[in-house]
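The first residue in the sequence is number 1, and the count goes up from there. As a basis for the values below, the full set of heavy atoms in this structure was taken, side chains included, without hydrogen atoms, waters or symmetry mates.
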Amino acid sequence: MAWGKKVFKHWNSIHNQILFFILLFLIIPLVISTLSIDKPLEGVIEKKIGSATEVALSQVDFNMELFLQDMLKSTVDISTNPKIVAMLKQPDSVSYYDKLRLMDSVTNRLTTPYFAESYVTLLDMHGN
């Protein structure tokens with residue numbers, strides 16, 4: 001019994017009472033309120049991030065589709081140009097200057113709505 005009074009006296013000191021009340025009235029309610037408030041906020045944040053990511057991915061998909069359509073249009077425009085077809089069939093019949101002029105006139109007509117550098121490469125059957 002003497003040992004129990006000694007332990008109780010040790011726990012009954014002012015220092016330990018202050019620590020106990022701080023724990024009881026500050027830390028425990030703070031932890032409980034943090035857990036109860038953070039769960040709904042976490043759900044809202046996840047929904048907002050998910051919807052923002054979905055919008056960003058749909059915009060990337062749309063931009064890629066436009067870019068591929070532009071590439072297809074440019075390819076069709078180049079392949080249906082009779083001067084380019086003739087130049088590619090008989091590359092020796094056209095001078096180097098005429099090739100450059102023709103390439104310049106064709107590439108100037110190919111317009112793109114994107115702010116990127118576009119390159120056009122035409123090869124004949126012999127790699128010229």
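Placement of Phe21 and Ile32 in two distinct hydrophobic clusters is found when ILVMFWY residues are connected by side-chain heavy-atom separations under 4.5 Å, directly or transitively. Linking Ile, Leu, Val, Met, Phe, Trp and Tyr residues whenever their side-chain heavy atoms come within less than 4.5 Å leaves Leu26 and Leu19 in two separate clusters. A continuous path of hydrophobic side-chain contacts links Ile22 to Ile28 [ILVMFWY only; heavy atoms under 4.5 Å].
The minimum heavy-atom distance between Ser79 and Val85, with the atom names listed, is O-CG2, 3.4 Å.
Atom CD of Glu54 is separated from atom CD1 of Ile49 by 14.0 Å, given to the nearest 0.5 angstrom. Note that the OG1 atom of Thr75 and the CG atom of Asp70 stand 9.0 Å from one another [nearest 0.5 Å]. Here the CG-CG distance, from Leu30 to Leu35, works out to 9.5 Å after rounding to the nearest 0.5 Å. To the nearest 0.5 Å, atoms CZ (Phe62) and CZ (Phe67) are separated by 14.5 Å. The NZ atom of Lys83 sits 7.0 Å away from the CZ atom of Arg101 when rounded to the nearest 0.5 Å. Between atom OG1 of residue Thr34 and atom CG of residue Leu41 there is a gap of 11.0 Å, rounded to the nearest 0.5 Å.
For Ser95, the side-chain hydrogen bond (donor to acceptor under 3.5 Å, both in side chains) partners are Asp98, not counting sequence neighbours.
A 4.5 Å side-chain heavy-atom check between Leu66 and Gln69 finds at least one atom pair inside the cut-off.
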